[in-house]
J.: 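The structure's right below; bear with me while I get my questions together.
Chain letters run A, B, ... following the sequence lines, proteins first and then strands; every chain starts at 1.
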Amino acid sequence: MDYKKQVAATLKQAEPELDEQILIDKIEVPKDSSKGDYAFPTFILAKQLKKAPNIIAVDLVEKIDQTGFKKIEAVGPYINFFMDPKTAGSQILAKVLQTENYGHNTDGEAGHVTIDMSSPNIAKPMSMGHLRSTVIGNSLAEISSANGYQPIKINHLGDWGTQFGKLIVAYKRWGSEEAVKADPINTLVKYYVQFHAEAEKLPELNDEGRMWFKKLEDGDEEAIQLWQWFRDESLKEFMDLYDTLDIQFDSFNGEAFYNDKMDSVVEKLEQEHKLVKSQGAQIVNLEAYGLNPAMIKRSDGATLYMTRDLAAATYRKKTYNFVKSLYVVGGEQREHFEQLKAILNEMGYAWADDIEHISFGMITVDGKKLSTRSGRIILLKDVLADSEKLALEQINEKNPDLANKERTAHEVGTGAVVFHDLMNDRTLNFDFKLEEVVRFEGDTGPYVQYANARAHSILRKADQEIDENQLEISDEQVWETEKLLGEFENVIRRAWRDREPSVVAKYALNLARTFNKYYANSKILADDAELNARLALVQAVSNTLTEALRLLGVSAPVEM
RNA sequence: GCACCUGUAGCGCAACUGGAUAGAGUGUCUGACUACGAAUCAGAAGGUUGCAGGUUCGAGUCCUGCCAGGUGCACCA
């Protein structure tokens with residue numbers, strides 16, 4: 001709930017010359033709540049009123065009508081406003097409990113937002129790096145939706161390229177159908193690794209690989225059949241992971257999908273006279289943008305990543321008519337997306353500005369970059385399995401009678417991993433340590449889940465209907481919690497504005513912590529006149545925590 | 001070499017548009033289960049916000065220079 005307007009109106013009443021909008025912009029929420037719920041720094045009025053800020057503060061407070069506030073006081077150059085916790089708190093609770101989809105807004109006006117996310121490579125295992133793109137993209141989809149947009153989640157699969165030629169060669173030489181079926185991705189990776197090892201000794205293999213990829217591009221039946229099979233088997237395994245994370249996609253159109261859509265892009269570039277020949281290759285000069293030239297066609301005529309992304313961008317604009325097009329891709333590819341936007345701009349597309357690279361930091365192990373070839377890889381499957389196992393151990397220790405232990409262990413285990421990934425600023429790198437990722441104490445997903453589970457436990461015990469007309473609580477300890485509940489709308493706006501799931505994650509931690517504090521210090525189920533209102537508070541907290549977790553793609557078990 | 005990102009407590013991180021005494025977590029030490037779940041709560045200790053200037057009434061936040069780490073810089077994606 002935003003009481004800034006009330007504060008501004010009160011100030012204007014005392015000093016009619018003031019501009020209300022400027023007041024609203026300058027009113028702030030003190031970090032230290034003992035300084036009030038809202039504060040107005042008077043510095044900006046010093047020139048207009050030709051007085052020292054601390055004098056202005058004192059003068060204004062004298063003229064102010066304090067009705068509707070618990071207290072308004074001047075402290076140095078600040079005017080501090082204290083809301084009346086009892087009335088303001090009950091207003092907030094009423095709003096939380098009575099508003100459908102509390103915290104959401106309709107700013108997006110149902111505009112489409114495409115989100116390019118996850119995008120694993122076929123025939124390679126999903127690592128922790130893919131988790132980032134997957135969960136950040138998924139959370140941004142939920143957050144965009146909470147802001148009134150319509151997200152379209154696109155899994156831009158890495159399902160094309162020379163490596164498929166190599167894979168076909170490897171399979172034909174050393175592979176077996178049974179082995180691939182039994183353990184698709186591991187087996188395919190083995191072939192791939194073996195191919196590279198053999199190619200060291202026998203360089204002709206590389207030519208053979210290129211030849212098979214050429215066959216694939218030319219529509220050779222055998223090549224296509226094998227490619228399709230590898231793709232299907234890999235996708236099956238990916239789907240298991242997506243099911244574990246409970247993430248769905250609207251499209252699986254990967255690189256291969258754009259094979260027949262690149263010619264028109266190249267033609268358009270030619271028409272606009274943007275293509276230049278350089279060392280045999282076709283490039284677009286981007287000097288005007290301070291960028292390196294971007295290659296569109298190799299000297300052998302083959303297309304590149306950029307060519308496909310240009311085709312994908314135009315296809316997506318045509319198909320979805322997006323108002324924003326997000327690409328959740330690692331920060332290493334920053335320049336690629338700058339080039340992509342610049343080229344689209346050169347092609348005369350004004351919507352190039354709507355493309356955004358949502359970059360994120362990379363995951364390292366012992367400070368070193370992950371790489372499939374060097375074997376420095378952390379399999380997502382393993383991490384999730386480990387986390388689930390540890391969660392189950394915790395449950396067996398702390399709540400052995402819980403029904404449906406496996407289900408809950410799954411929710412807590414994956415919740416811990418996903419929350420950990422979303423908790424910090426997405427651009428930060430992080431060094432992978434299993435014990436950090438699957439922690440259940442402190443600033444973690446399970447901490448939030450636990451606060452929610454205990455809230456549910458109280459409501460179960462109370463076992464009574466909540467009367468939404470009796471929401472006033474005299475105990476001022478609850479005000480901090482109520483105030484936070486009132487901020488949820490701003491949090492959702494800010495999370496979208498900054499494209500930052502961590503804004504939501506931090507809020508959830510904050511709300512859980514504030515509630516836990518209250519919970520530990522006072523008895524909620526006391527049989528007095530305000531029991532109903534306290535239960536309403538518990539319900540409001542639980543609703544909000546559950547929704548915050550949902551926006552992050554983390555489930556909120558009612559017991560754990 | 002050029003461009004971009006990062007630098008805050010032992011560690012990993014917060015601090016929304018510049019605001020008051022820079023905050024929680026973790027680790028260390030200590031206390032709390034006869035109060036609804038101890039995956040919790042309370043307390044102690046821990047800081048020249050990389051360095052040096054500048055702008056401002058006010059700088060962790062903005063500007064300049066430097067230092068350190070990382071990433072990228074056309075025939076991979």
J.: Within the structure shown, what part of the strands sits under 4.0 Å from A:Pro30 by heavy-atom distance: base, sugar-phosphate, or nothing?
T.: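 It contacts base atoms.
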
J.: Salt bridge check, A:Arg493 against A:Glu489: does any charged N sit closer than 4.0 Å to a carboxylate O?
T.: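 Result for this pair is no, no salt bridge flagged.
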
J.: Could you check whether A:Gln163 gets within reach of a base, just the sugar-phosphate, or nothing at all, counting any heavy atom under 4.0 Å?
T.: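 Nothing, no heavy atom under 4.0 Å.
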
J.: Should B:rA44 form a Watson-Crick or G-U wobble pair with both distances under 3.5 Å, which nucleotide is its partner?
T.: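 Its partner is B:rU28.
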
J.: Between B:rG37 and A:Lys461, is there an OP1 or OP2 to side-chain N/O distance shorter than 4.0 Å?
T.: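 Looking at the OP1 and OP2 atoms of B:rG37, one of them is under 4.0 Å from a side-chain N or O of A:Lys461.
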
J.: Is any side-chain nitrogen or oxygen of A:Tyr519 closer than 4.0 Å to OP1 or OP2 of B:rG37?
T.: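 For B:rG37, OP1 or OP2 has a side-chain N or O of A:Tyr519 closer than 4.0 Å.
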
J.: Need one value for A:Val503: base, sugar-phosphate or nothing, where a base atom within 4.0 Å counts as base even if backbone is also close, heavy atoms only.
T.: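 Touches nothing.
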
J.: Flag yes if more than 12 heavy atoms outside A:Lys297 fall under 6.0 Å of its NZ atom; otherwise flag no.
T.: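 Incorrect, the count does not exceed 12.
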
J.: Which part of the nucleic acid does A:Ser522 contact within heavy-atom distance under 4.0 Å: base, sugar-phosphate only, or nothing?
T.: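 If one applies the 4.0 Å heavy-atom cut-off, A:Ser522 turns out to touch a base.
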
J.: So, is A:Arg298 near the phosphate of B:rC76, with a side-chain N or O under 4.0 Å from OP1 or OP2?
T.: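 Yes, within the criterion.
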
J.: Check every atom of B:rG25, B:rG19, B:rA77 against the side chain of A:Arg513 and return the nucleotide holding the closest atom.
T.: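 Closest nucleotide to the A:Arg513 side chain: B:rG25.
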
J.: Which nucleotide in the set B:rA74, B:rC36, B:rA39 lies at the smallest distance from any side-chain heavy atom of A:Met295?
T.: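 Nearest to the side chain of A:Met295 among the choices is B:rA74.
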
J.: Under 4.5 Å between any side-chain heavy atoms of A:Thr414 and A:Ser387, yes or no?
T.: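 SC-SC contact between A:Thr414 and A:Ser387 ruled out.
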
J.: For the side chain of A:Phe440, counting heavy atoms from C-beta on, which of B:rA39, B:rA20, B:rC16 is nearest?
T.: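 The nucleotide sitting nearest to the side chain is B:rA39.
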
J.: A:Asn399 or A:Ile79: which one's nearest nucleotide on RNA chain B is closer to the 5' end?
T.: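 Whichever sits nearer the 5' end wins; that is A:Ile79.
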
J.: Quote, to the nearest angstrom, the P distance that separates B:rU40 from B:rA3.
T.: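 Roughly 47 Å separates the two P atoms.
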
J.: Looking only at the side chain of A:Asp443 (C-beta and beyond, no hydrogens), which of the listed nucleotides B:rA14, B:rA39, B:rA24 gets closest?
T.: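 For A:Asp443, the side-chain atoms sit closest to B:rA24.
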
J.: Around atom CG of A:Asp528, are there more than 12 heavy atoms from other residues, nucleotides or ligands closer than 6.0 Å?
T.: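 Yes, the 6.0 Å shell around CG holds more than 12 heavy atoms from other groups.
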
J.: Please pick, from B:rA39, B:rA38, B:rC57, the nucleotide with the shortest atom-to-atom distance to any side-chain atom of A:Phe43.
T.: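 Looking only at heavy atoms from C-beta outward on A:Phe43, the closest nucleotide is B:rC57.
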
J.: Check every strand shown and say whether A:Asn521 touches a base, only sugar-phosphate, or nothing at a heavy-atom separation below 4.0 Å.
T.: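 The residue A:Asn521 makes base contact.
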
J.: Looking at every strand, decide which applies to A:Leu509 at a 4.0 Å heavy-atom threshold: base, sugar-phosphate, or nothing.
T.: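 Contact class for A:Leu509: none.
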
J.: Need one value for A:Asp498: base, sugar-phosphate or nothing, where a base atom within 4.0 Å counts as base even if backbone is also close, heavy atoms only.
T.: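 Here A:Asp498 touches no strand at all.
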
J.: Can you tell me which nucleotide in B:rC36, B:rC75, B:rG72 comes closest to the side chain of A:Lys369?
T.: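 The listed nucleotide nearest to A:Lys369's side chain is B:rG72.
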
J.: Of the listed nucleotides (B:rA20, B:rG37, B:rU40), which one gets closest to any side-chain atom of A:Val75?
T.: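 It is B:rA20.
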
J.: If you check every side-chain atom of A:Ser457, which of B:rC36, B:rG72, B:rA24 has the closest atom?
T.: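 Output: B:rC36.
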
J.: Counting the atoms with a prime plus P, OP1 and OP2 as sugar-phosphate, which does A:Lys523 contact under 4.0 Å by heavy atoms, base, sugar-phosphate, or nothing?
T.: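 The residue A:Lys523 makes base contact.
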
J.: Contact class for A:Lys35 (heavy atom, under 4.0 Å): base, sugar-phosphate, or nothing?
T.: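 Base contact - A:Lys35 has a heavy atom under 4.0 Å of at least one base atom.
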
J.: With a non-hydrogen cut-off below 4.0 angstrom, is A:Lys517 in contact with a base, only sugar-phosphate, or nothing?
T.: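 The residue A:Lys517 makes sugar-phosphate contact but no base contact.
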
J.: Among B:rA39, B:rC41, B:rA20, which nucleotide sits nearest the side chain of A:Ala520?
T.: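 Nearest nucleotide to the side chain: B:rC41.
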
J.: Using a 4.0 Å heavy-atom cut-off, does A:Ala453 contact any base of the nucleic acid, only the sugar-phosphate backbone, or nothing at all?
T.: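 Base, at least one base atom sits under 4.0 Å.
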
J.: Evaluate whether atom CD of A:Glu465 has more than 12 neighbouring non-hydrogen atoms of other residues, nucleotides or ligands under 6.0 angstrom away.
T.: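 Open.
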
J.: Looking across every strand, which nucleic acid part, if any, lies under 4.0 Å from A:Asn80 by heavy atom: base, sugar-phosphate, or nothing?
T.: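 Since a base atom lies under 4.0 Å of A:Asn80, the category is base.
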
J.: Should A:Tyr450 be counted as stacked on B:rG37, where stacking needs a ring-centre gap under 5.5 Å and an angle between planes under 30 degrees?
T.: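 It does not: the ring fails the test against the base of B:rG37.
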
J.: Mark yes or no for a side-chain to base donor-acceptor pair under 3.5 Å between A:Ser278 and B:rA74, with no hydrogen or angle criteria applied.
T.: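 Pair found.
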
J.: Got more than 12 heavy atoms from elsewhere within 6.0 Å of NZ, A:Lys517?
T.: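 Not buried by this count: 12 neighbours or fewer within 6.0 Å.
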
J.: So what does A:Ala46 hit on the nucleic acid, given a heavy-atom distance under 4.0 Å: a base, only sugar-phosphate, or nothing?
T.: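 Contact class for A:Ala46: none.
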
J.: Can you tell me the Watson-Crick or wobble partner of B:rG23, both distances under 3.5 angstrom?
T.: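 Pair assignment: B:rG23 / B:rC13.
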
J.: Is a side-chain donor-acceptor pair under 3.5 Å present for A:Asn452 with A:Ser542?
T.: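 Per modelled atom types, A:Ser542 and A:Asn452 side chains form a pair under 3.5 Å.
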
J.: Nearest 0.5 Å, please: how far is CE in A:Met211 from CG in A:Leu216?
T.: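 Nearest 0.5 Å value for the CG-CE distance: 11.5 Å.
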
J.: Using a heavy-atom cut-off of 4.0 Å across all strands, would you classify A:Gln333 as base, sugar-phosphate, or nothing?
T.: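 If one applies the 4.0 Å heavy-atom cut-off, A:Gln333 turns out to touch a base.
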
J.: Which is more 5' along RNA chain B, the nucleotide nearest A:Asn292 or the one nearest A:Lys4? Just name the residue.
T.: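 Of the two residues, A:Lys4 wins.
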
J.: What nucleotide, of B:rG72, B:rC75, B:rG70, holds the atom closest to the side chain of A:Asn429?
T.: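 The closest nucleotide is B:rG70.
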
J.: Counting only Watson-Crick or G-U wobble pairs whose two distances fall under 3.5 Å, which nucleotide matches B:rU64?
T.: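 When the pairing criteria are applied, B:rA52 turns out to be the nucleotide that pairs with B:rU64.
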
